[in-house]
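Numbering of ligands and ligand atoms starts at 1, following listing order.
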Amino acid sequence: MNPIVKTLAILLLTNFGCRLFVDPPTSITTKIDGVDADSVVWVDGQTKTVTCEAIGGSPTPTVSLIRDGTELVSGTGSVSRDIAQTKSMNPVVIQCEATNVAIDNPITDQTTINVLYPPSSGPDITGYTGQVLTEGVPPTTVTVTCTVGEASPVPTLTWNCPVGSSSTGSNTHVISINRSIDGVTCTCSGSQSGTGWTRTDSVTFTVHYGPDSVTIDGNKRVYTGELLTLSCDNADSNPGVTYQWTKKGAVLTGQTQQTLTSSYSKNDNNAVIACTAVNSGTGTTATGSVSLTVDYGPDRAEITG
Ligand SMILES: *[C@@H]1O[C@H](CO)[C@@H](O)[C@H](O)[C@H]1NC(C)=O
């Protein structure tokens, strides 16, 4: 075409004909994997397809996809591009632009993307590392705290602990130390919406306790020379106990079982038999005792008169 004619045609179209033959685009939409960009859930590392599409406009608008100020792609009517987004890029501004001869400035749609990412660590329970606790020995409480590494969105932490109590609005759990928590497991569960991340940590308490008391079971009355078995019972203790029997305050060497089987002489009448149970971990002791009645006959029969 003759350049002069071409110039005239363009002048005619843009300066005189535009109000009649051209229309600006009415809008531009940004879609990510087919859904509205503002409602997208984008997780660290995911690649998603971003689409810019002009609605209306004559001639068909030129559309551009711009990320953080850099144009990635442009085309006519609609453009798409696969974008990989990681948390180190947060936040990323995605801008769609549409323009045609009917407007001086493109119409734009801007979306700020912050990808979601799970915590790099945790949940972690601190405050108890498996050490042996002892009932009645300070500290009287143990405070366990559940924490989780930085994440977006902030994960929800939930204690599942059959003992103690949680202070409202904190991830801390306070538990009294006594025998009822020996062997008890407390779990902290973390979960994160959007990413589907879930993880747990747990602790199991060990408490040493007892024995508080012992009882001695068996007959307290015996004939001389007769075998009698006494039993040292109810030594509730963790860890278990060892036993030591005594008679009249003197250690009965070798009598370290729960039961004592022995015979007694006339001299043992009213003797105190005692059993001491010793917690093999803490050394705590409990002692029980009985006073024995030893029946005996006449030493010999004497005939007098
Ligand atoms: C023993 O510890 C449990 C758990 O912490 C607590 O609920 C309970 O009240 C304690 N019992 C006593 C007698 O202190």
Q: Output yes when a protein non-hydrogen atom is found under 4.0 Å of atom 14 (O) of ligand 1, and no otherwise.
A: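 Within 4.0 Å: yes, protein heavy atom nearby.
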Q: Would you confirm whether any non-hydrogen atom of the protein falls under 4.0 Å from atom 5 (O) of ligand 1?
A: yes
Under 4.0 Å from a heavy atom of [X]: give me the atoms of ligand 1 that qualify, with their elements.
X    : value
V163 : 4 (C)
I175 : 5 (O)
S176 : 2 (O), 4 (C), 5 (O)

Q: Give a yes or no on this: more than 12 heavy atoms of other residues, nucleotides or ligands lie within 6.0 Å of atom CD of Q257.
A: no
Q. Any idea which heavy atoms bring I175 and C186 closest together, and the distance?
A.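 Nearest heavy atoms, I175 then C186: CD1-SG, 4.1 Å.
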Applying a strict under-4.5 Å side-chain criterion to I, L, V, M, F, W and Y, I'd like to know whether [X] and [Y] cluster together.
X    : Y    : answer
W42  : Y117 : no
L260 : V294 : yes
L252 : Y264 : yes

**Q.** Nearest option to atom 10 (C) of ligand 1, as decided by whichever heavy atom of N178, I177, V142, T141 sits closest
**A.**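 Among N178, I177, V142, T141, the closest heavy atom to atom 10 (C) of ligand 1 belongs to N178.
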Q) Which residue holds the protein heavy atom closest to atom 7 (O) of ligand 1, what is that atom called, and what is the gap in Å? A)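 Checked against all protein heavy atoms, atom 7 (O) of ligand 1 sits closest to G164 N, 4.8 Å.
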Q) With a 6.0 Å cut-off on ring centres, are F205 and Y128 close enough? A)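 Distance test on ring centres: under 6.0 Å, yes.
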